[in-house]
Amino acid sequence: MHVVIAPADRGVIATEVDDAGLPTAEPTALRDAEYARYVAQSAPTTRWVWEDTAVSYPPLLRAGVRVERCADLRLCRAILRHSTLSAGSPVATGPRDALDGESPLLGPASAQTLFDIGAEAEHIDPVLEHQRQLATVAAAPEPGRLRLLLAAESAGALAAAEMRFAGLPWSAARHEALLADLLGPRGPAGARPARLEELAREIRAALGAPTLNPDSPQEVLAALRAAGLVVNTTRSADLRRIEHPAIPPLLDYKKRSRILSANGWSWLDTWVVDGRFRADFLPGGVPSGRWAARGGGALQLPKQLRSAVVADPGWKLVVADAAQLEPRVLAALSGDLTMADAGRGRDLYEGIVATGAVPDRNSAKYAMLGAIYGATAGQGGRLLPRLGQAFPRAMGLVEAAARQGERGEAVTTRLGRSTAAAGAGWRDAQWSASSPDASAVDERRARAQARERGRFTRNFVVQGTAAEWALCWLAELRRRLAALPADGGRPELVYFLHDEVLVHTPEVLAGPVAQAVEEAAGAAGRLMFGTFPIDFPLEVAVVDDYGQA
DNA sequence: ATTAACGGCGCG
DNA sequence: AAAGCGCGCCGTTAAT
């Protein structure tokens with residue numbers, strides 16, 4: 001059964017619908033308090049259909065109610081709007097409305113209540129939209145692909161809301177100890193900590209620039225040049241090549257200063273409340289289908305600080321990441337049996353070395369990444385031809401995706417997420433560069449833009465299909481975790497980072513959780529690629545803090 | 001005084 | 001360390 005939930009004054013309107021989305025009963029108006037009770041009493045397999053999971057699910061979580069399944073109409077709209085599998089459908093060609101674009105609840109407005117959203121935001125008719133989406137999927141070629149994608153995307157939205165609700169366990173004491181170690185004691189707000197001030201003095205002395213602000217790239221560049229160094233940027237990677245007494249303290253300063261500005265004491269004050277770091281996770285926030293995040297740089301936690309993620313007493317963290325996910329996805333997506341063989345039961349890069357295509361693991365890794373990203377130079381670029389001979393199907397797929405992108409065409413992932421059409425500016429540039437009186441500059445720029453779009457589409461099919469695998473993994477894991485006994489607390493998904501998950505679990509359930517993570521990965525592979533013989537091995541660790549993983 | 005762009009760097 | 005993809009956020013600087 002599906003139930004459509006629409007925001008209304010001081011509550012919601014619930015409408016039961018059938019498999020075609022047609023109402024089977026009169027809509028029911030529910031006040032906020034009744035809403036959670038109504039959902040809790042419904043069949044657990046009900047699919048809850050709503051505009052925004054981030055709007056309609058948190059009130060349920062606060063009332064202690066979880067749901068198994070939903071359809072997030074906004075996220076599904078975004079997919080169906082562009083997918084080549086739904087091209088020409090009513091959802092794809094309909095006028096833009098309030099369901100296109102980001103959820104109104106995101107960002108600092110998240111203190112808003114369901115009531116505010118009901119009163120203020122523009123709304124579409126979710127019952128009608130649900131009908132249109134169901135019909136669009138049913139009419140698509142291979143409807144199973146889109147159906148799986150929309151279900152996985154929606155399950156991801158549930159997981160994202162639950163992750164925000166649970167929060168990432170964060171030890172402020174551990175974090176402060178790390179900061180004291182790196183920066184010295186916390187000083188007055190705005191003042192440079194002792195350790196950074198020392199380094200700044202050292203840098204100024206070495207460059208003979210007594211007033212230099214090491215945080216200003218402009219000033220640093222000028223001071224380096226004044227000291228006779230030939231530099232064009234102040235990037236650490238570039239500075240590392242230079243021999244000069246100012247460079248070591250400058251690199252050290254940059255490293256520590258980054259920790260201060262991105263994850264220092266004020267970050268801790270802002271983002272960690274009651275031992276939990278809470279951020280907004282945005283499923284579908286990236287065109288490829290990867291998640292984005294807002295608040296506290298949740299997807300960029302420096303490895304240096306991960307030991308501040310600490311399980312509660314009597315609890316553990318189960319940390320799992322998928323090994324060499326993107327190349328494995330490429331092997332399966334392209335049906336490249338040789339490449340799939342290379343990854344079976346072992347490190348994929350070692351397997352590539354074993355084929356004789358490249359000399360060592362590092363070469364294999366950078367050549368593969370080069371193939372997926374579109375490298376033209378460097379070690380990755382040089383080894384590409386070798387990979388092309390060893391794995392023609394896999395390399396043929398990314399090459400074809402690049403050529404399609406260069407022509408301005410859309411490309412599509414395994415389950416049906418497509419790139420947006422090339423922009424008007426891009427098309428104009430290509431068109432005018434092909435005219436007989438185009439200047440050499442115009443032609444060069446158009447070619448550069450075409451290659452740039454080719455790298456994007458080349459990467460999109462792999463990154464996007466990997467994101468789909470990860471979503472299926474997450475959805476399957478979420479289901480299995482819910483089925484575990486709530487033995488002194490329930491295991492919670494608390495973090496998801498593209499190819500990596502963290503589950504915070506009572507210690508007694510750590511084993512079953514680790515098993516669930518493994519089983520979910522196997523299930524994801526079968527959902528995505530059927531019987532194609534590809535492995536998705538995980539590295540799983542049961543630890544007390546994230547730094548140990 | 002506020003906003004936008006830039007250089008830089010963290011993550012996958 | 002590798003230079004090719006996708007992000008968010010910081011301090012500085014230029015623009016409004």
Side-chain angles (χ1 to χ4, degrees), chain A residues 106-107 190 192 196 212-222 231-241 250-251 253-264 266-267 270-271 279-282 284-306 321-327 329-330 360-384 398 401-402 405 411 417 419 448 451-467 470 495-501 546:
Chain A
L106 293 170
R192 201 175 262 134
L196 289 184
L212 173 71
N213 172 10
D215 291 320
S216 164
Q218 245 173 39
E219 290 184 29
V220 170
L221 195 60
V231 281
N232 293 312
T233 80
T234 63
R235 281 195 289 265
S236 294
D238 295 342
L239 297 183
R240 248 181 277 282
R241 292 183 242 274
L250 184 52
L251 292 173
Y253 179 93
K254 282 169 165 288
K255 189 77 187 161
R256 292 172 200 265
S257 158
R258 163 79 192 189
I259 295 287
L260 173 68
S261 66
N263 298 95
S266 72
W267 180 91
T270 308
W271 295 108
D280 280 316
F281 293 93
L282 311 183
V286 177
S288 67
R290 276 188 174 184
W291 288 16
R294 296 281 162 75
L299 299 185
Q300 301 126 266
L301 294 180
K303 293 193 165 169
Q304 263 184 297
L305 295 183
R306 290 185 177 184
D321 79 275
Q324 307 104 38
L325 177 59
E326 290 195 350
V329 161
L330 172 57
D360 55 66
R361 186 178 189 278
N362 258 357
S363 303
K365 178 172 175 179
Y366 285 100
M368 271 312 310
L369 294 179
I372 293 171
Y373 292 157
T376 53
Q379 188 176 1
R382 276 198 306 281
L383 289 164
L384 279 185
V398 288
V411 296
R417 196 185 307 260
T419 51
R451 279 195 300 269
E452 192 177 334
R453 190 164 191 280
R455 287 194 299 274
F456 167 63
T457 53
R458 168 198 294 267
N459 186 251
F460 181 95
V461 292
V462 180
Q463 185 183 112
T465 303
Y495 196 57
F496 171 58
L497 188 58
H498 310 314
D499 59 0
E500 184 172 353
V501 296
Y546 192 12

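So you know, we letter chains A, B, ... as the sequences are listed, proteins then strands, and number each from 1. Side chains included, hydrogens not; waters and symmetry mates left out as well; all remaining heavy atoms used.
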**Item:** Distance, rounded to the nearest Å, where A/Asn213 contributes CG and B/dG8 contributes P
**Value:** 14 Å
**Asked** When all nucleic acid strands are considered with a 4.0 Å heavy-atom cut-off, which category describes A/Arg290: base, sugar-phosphate, or nothing?
**Response** base
**Complete:** Which of B/dG10, B/dG12, B/dG8 is nearest the side chain of A/Leu497? It is B/dG12
**Request:** Select base, sugar-phosphate, or nothing to describe what A/Gly381 touches, counting heavy atoms under 4.0 Å on all strands.
**Result:** nothing
**Nearest-nucleotide 5' precedence on DNA chain C, A/Gly296 against A/Arg240** = A/Arg240
**Prompt:** Taking A/Thr457 for the side chain and A/Ala401 for the main chain, is one N or O donor matched with an acceptor at less than 3.5 Å?
**Reply:** yes
**Fill in**
d(A/Glu219 CD, A/Leu221 CG) to nearest 0.5 Å is 11.0 Å
**Request:** Keeping the roles fixed (side chain from A/Arg458, backbone from A/Ala371), state whether a donor-acceptor pair exists under 3.5 Å.
**Result:** yes
**Request:** Let me know, please, whether A/Ser363 or A/Ser288 comes out on the 5' side of the other along DNA chain C by nearest nucleotide.
**Result:** A/Ser363
**Item:** Rounded distance in Å - CD (A/Gln324) to C1' (B/dG12)
**Value:** 14 Å
**Message:** Test your reading of the model: is there a side-chain donor-acceptor pair from A/Thr419 to the backbone of A/Val411, 3.5 Å cut-off?
**Reply:** yes
**Message:** By the 4.0 Å heavy-atom rule, please label A/Leu325 as base, sugar-phosphate, or nothing.
**Reply:** nothing
**Asked** Could you give the start and end, 5' to 3', of the contact zone on DNA chain C for chain A, using atoms under 4.0 Å from its heavy atoms?
**Response** C/dA2 to C/dA14
**Length of the OH-C1' vector between A/Tyr495 and B/dG10, whole Å** = 10 Å
**Asked** Is A/Glu326 touching bases, backbone alone, or none of the nucleic acid, heavy atoms closer than 4.0 Å?
**Response** nothing
**Message:** Once you apply a heavy-atom cut-off of 4.0 Å, does A/Gly285 come out as touching a base, just sugar-phosphate, or nothing?
**Reply:** nothing
**Residues in contact with DNA chain C, drawn from residues 256-263 of chain A - heavy-atom cutoff 4.0 Å** = A/Arg258, A/Ser261
**Asked** With sequence neighbours excluded, what pairs up with A/Asp215 under the salt bridge (Lys or Arg N to Asp or Glu O under 4.0 Å) test?
**Response** A/Arg192
**Request:** Would you classify A/Arg451 as touching base, sugar-phosphate or nothing, given that sugar-phosphate means primed atoms plus P, OP1 and OP2, and contacts are heavy atoms under 4.0 Å?
**Result:** nothing
**Message:** Both atom distances under 3.5 Å, Watson-Crick or G-U wobble: I'd like the secondary structure of DNA chain C as a dot-bracket string, with | for pairs made across strands.
**Reply:** ....||||||||||||
**Asked** NA contact type, A/Ala293, heavy-atom cut-off 4.0 Å: base, sugar-phosphate, or nothing?
**Response** sugar-phosphate
**A/Leu301 CG - B/dC9 C1' separation (whole Å)** = 14 Å
**Request:** Identify whether any heavy atom of A/Tyr366 sits under 4.0 Å from a base atom; if not, whether one sits that close to sugar-phosphate; answer base, sugar-phosphate or nothing.
**Result:** base
**Asked** Does A/Asp238 have any salt bridge (Lys or Arg N to Asp or Glu O under 4.0 Å) partners at least two apart in sequence or in another chain, and if so, which?
**Response** A/Arg235, A/Arg241
**Request:** Sequence neighbours left out, what passes ring pair (Phe, Tyr, Trp, His ring centres under 6.0 Å) with A/Phe456? Give chain and number order.
**Result:** A/Phe460
**Request:** Quick one: label A/Ser216 by what it contacts on the DNA or RNA (base, sugar-phosphate, nothing), any heavy atom closer than 4.0 Å.
**Result:** sugar-phosphate
